Protein chains: 2
Amino acid sequence: MKKPITIHDIAKIAGVSSATVSRVLSNSTYPVSAAMKEKIQRIAKDSNYIPNLLGKQLKTNSSMTIGVIIPSISNPFYSSVILGIEGIARQHNFHVIVCNSLHDAALEEEYLKTIVENQVKGLIISSISTDKRLLKQMVDTGMKVIAIDQKVEGEGIRQIEFDYRKGGYLATRHLQGKGHKRIAYVTSQMDRPSRRSIYRGYLKATEEAGLEPVMVESAEEDVYNSAYEFDIGKKLTSQLLSSNDPPSAIFACNDVMAFGVINELTERGIQVPQDISVIGFDGIEYGQMIQPPLTTVKQPDYEMGKMACNMLMDMLKGGDGPVFDIMLQPKLLERSSVTNAKELL
Amino acid sequence: MKKPITIHDIAKIAGVSSATVSRVLSNSTYPVSAAMKEKIQRIAKDSNYIPNLLGKQLKTNSSMTIGVIIPSISNPFYSSVILGIEGIARQHNFHVIVCNSLHDAALEEEYLKTIVENQVKGLIISSISTDKRLLKQMVDTGMKVIAIDQKVEGEGIRQIEFDYRKGGYLATRHLQGKGHKRIAYVTSQMDRPSRRSIYRGYLKATEEAGLEPVMVESAEEDVYNSAYEFDIGKKLTSQLLSSNDPPSAIFACNDVMAFGVINELTERGIQVPQDISVIGFDGIEYGQMIQPPLTTVKQPDYEMGKMACNMLMDMLKGGDGPVFDIMLQPKLLERSSVTNAKELL
DNA sequence: TTGTAGGCGTTATCAC
DNA sequence: GTGATAACGCCTACAA
């Protein structure tokens with residue numbers, strides 16, 4: 001448990017000043033004689049020298065860390081996003097602090113503070129809080145921020161959004177294209193913009209087709225746990241079925257909820273898609289593993305993470321390239337949980 | 001983008017020395033007059049003071065960060081572990097750097113180095129590398145290490161293991177208890193101790209019952225992607241079915257692979273569990289969402305994360321309590337993918 | 001109760 | 001090419 005070796009120790013061994021050692025070991029462009037350079041590098045290697053990044057960061061007021069705040073890593077959508085972020089970060093020798101806000105605004109704020117205290121200069125966030133003051137204050141003091149998934153209005157905050165509204169529209173149109181007239185939309189609490197957008201897309205398609213919207217929303221607080229979403233899907237489905245005019249197709253606001261819908265239907269002996277069609281939203285990998293494989297709207301999660309991190313790296317490097325936001329487009333993943341409406345069969 | 005305010009700035013405003021400010025703002029036990037204390041706190045608040053943890057850490061050679069290295073966050077087992085870790089860490093005002101080794105030993109080593117460079121003093125790791133030299137060297141220089149899931153032999157490294165062997169034994173015995181005689185074990189590459197242990201448990205139960213083991217192992221390299229594991233499950237199943245003596249029950253080395261097994265069987269018109277029973281391993285939440293709900297062996301993932309982090313916090317605080325390793329016990333989660341063998345029906 | 005001064009490990013600015 | 005030296009923001013003997 002001996003004290004770790006520093007550039008001063010190496011300087012002493014090499015018989016030079018620590019300045020020279022620093023110049024060699026930090027790959028500075030400063031001129032150092034080839035012989036000296038080699039000697040120092042050898043000593044560093046032999047003595048298992050490990051630089052203390054704290055010293056460097058304190059001095060240079062920079063950091064090779066970025067922060068990521070997302071609702072929960074247990075959601076496969078976000079874990080894909082993170083994998084995308086981490087891959088790009090690593091290429092730039094950055095590492096990532098992941099924070100799960102667990103859908104708790106207070107926790108999100110706590111994490112924001114931690115990130116600032118640790119001198120992190122870049123942040124990618126899917127914010128669930130409605131109070132963006134702290135975030136904006138951070139931007140004012142130099143923090144580079146990319147908002148993904150959930151839009152954050154504000155000067156200096158770049159957006160990588162997903163076109164939820166169009167996704168909702170697309171899914172509904174797909175169902176309509178299969179002849180469905182009575183299409184229900186089941187959703188967890190619409191407390192976040194993304195969910196409201198999907199609903200707006202659904203409404204638009206429904207209105208355009210001159211159909212009547214059927215929406216059931218969970219009254220329960222969101223806890224971001226997949227088993228929980230699954231249960232909501234089941235509950236909302238049984239609620240839907242107890243009406244005297246049940247739908248021929250159900251559109252769920254995310255894939256896990258769609259799993260719940262399918263599960264409930266199957267347990268009641270209602271066949272999917274022969275009796276009722278089901279469409280999800282997100283495009284997580286598990287969708288292809290269930291029976292029937294889930295038709296859904298795919299969000300490019302992994303790519304979103306990569307884009308966000310690339311954009312952040314540019315900002316951190318002070319790139320003066322063009323400034324732009326990104327609106328990712330939805331894609332329909334047609335599998336087997338949707339079929340033609342009975343009238344057409 | 002003005003320079004952030006420091007304790008010196010506050011000292012100047014308050015008309016005291018920075019030492020006094022430090023004593024107040026770091027909640028030191030050092031005596032400071034109540035009036036002064038309050039004044040300093042007010043100034044700090046009014047000026048939105050945010051401490052620079054780098055300075056503190058550099059001075060005290062401590063850090064409020066722990067590192068976590070796991071194969072991949074896209075595996076729900078590990079994302080649960082991380083959620084458990086993060087919860088405890090937060091209680092102690094620690095934060096977490098998550099690193100996905102993606103089943104790549106070189107990457108794991110790279111992350112280990114980064115962690116040391118950043119003066120992180122505590123690490124929780126599910127190591128996939130066979131070369132533990134760097135890890136041990138880190139322990140020698142003071143790093144506190146908890147190995148979870150995958151055992152790491154070595155002085156000073158605490159273990160929180162899962163009894164994979166017993167889990168494998170339990171699953172096999174459960175199948176036997178339902179009258180199954182020809183039980184196949186399908187597994188991805190047995191390159192990690194955990195998988196070999198499950199297999200040993202399977203073998204033990206098989207031998208004890210005087211039955212013949214049937215094992216198919218994937219020849220393909222592991223890529224830690226759930227879609228991939230799913231495909232392996234499908235492939236190995238079709239391989240199994242092409243033999244002239246197919247099994248009446250299939251035991252998969254993890255739940256996602258079991259999904260693949262069930263999917264392949266279902267696609268071929270073989271009913272689960274009526275024709276062939278299937279049992280998984282891990283107990284991820286998605287297991288209850290498929291049809292039929294998957295019978296499996298549950299690993300206490302979230303709890304494992306909590307225990308690991310609690311243990312690490314104790315070590316970091318220099319606790320001199322008893323030193324111990326933990327062996328978590330498996331639990332059978334009986335759902336609907338296993339039924340009695342045909343002979344018994 | 002408060003202040004002074006030195007140092008944590010590194011880099012940057014001057015000199016030489 | 002190389003070396004002193006002064007920061008970076010904070011904590012902590014020690015002194016007052």
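In this text, all values refer to a predicted model and were calculated from it rather than measured experimentally.
Put simply, A/T20 has no side-chain N or O that comes within less than 4.0 Å of OP1 or OP2 on D/dG1. Residue A/S22 places at least one side-chain N or O under 4.0 Å from the OP1 or OP2 atom of C/dT11. An OP1 or OP2 oxygen of D/dC10 is reached within less than 4.0 angstrom by no side-chain nitrogen or oxygen of B/T60. At C/dG9, none of the side-chain N or O atoms of A/T6 fall inside 4.0 Å of OP1 or OP2 (strictly under the cut-off).
For A/K56, the listed nucleotide lying nearest its side chain is C/dT11; candidates were D/dC10, C/dT11, C/dT4. Nearest nucleotide to the A/S33 side chain, out of C/dT2, C/dC8, D/dG1: D/dG1. The side chain of A/I7 approaches C/dT11 more closely than any other nucleotide in the set D/dC10, D/dT12, C/dT11. Considering only side-chain atoms of B/S17, the nucleotide from D/dC8, C/dG3, D/dG3 that sits closest is C/dG3.
The NZ-C1' distance, from B/K37 to C/dT1, rounds to 13 Å in whole Å. Atom pair B/H8:NE2 and D/dC8:P shows a separation of 8 Å (rounding to whole Å applied). Protein atom CD1 of B/I40 is 13 Å distant from nucleotide atom P of D/dC10, rounded to whole Å. Atom CG of A/L53 is separated from atom P of C/dT10 by 9 Å (rounded to the nearest Å). For the pair B/Q119 CD and C/dG9 C1', the interatomic distance rounds to 9 Å; values are reported in whole Å. The distance between atom CG of B/N52 and atom P of D/dC8, rounded to the nearest whole Å, is 12 Å. Between B/K12 atom NZ and C/dT4 atom P there is a gap of 13 Å when expressed in whole angstrom units. Rounded to a whole Å, the NZ atom of B/K39 is 11 Å from the P atom of C/dT2.
Residues B/I125 and B/E108 meet the side-chain proximity criterion, which asks for heavy atoms closer than 4.5 Å.
Within 3.5 Å, a donor on the side chain of B/Y30 pairs with an acceptor on the base of D/dC14, or the reverse.
Both A/S18 and A/M36 lie near DNA chain D, and the one whose nearest nucleotide falls closer to the 5' end is A/M36. Toward the 5' end of DNA chain C, the nearer of the two residues B/V16 and B/L58, judged by each one's closest nucleotide, is B/V16.
Contact annotation for A/S26: backbone-only contact, meaning every heavy-atom pair under 4.0 Å involves sugar-phosphate atoms and none involves a base.
Residue B/V96 forms a side chain to side chain contact (heavy atoms under 4.5 Å, CB included) with just one option from B/V68, B/V120, B/T65, B/I88, and that option is B/V68.
The environment of NZ in B/K317 is crowded: more than 12 heavy-atom neighbours from other residues, nucleotides or ligands sit within 6.0 Å. Heavy atoms from other residues, nucleotides or ligands lying under 6.0 Å from NZ of B/K37 number 12 at most.
A/D149 and A/Y78 are linked by a side-chain donor-acceptor pair at a separation below 3.5 angstrom, with hydrogens and angles left out of the test.
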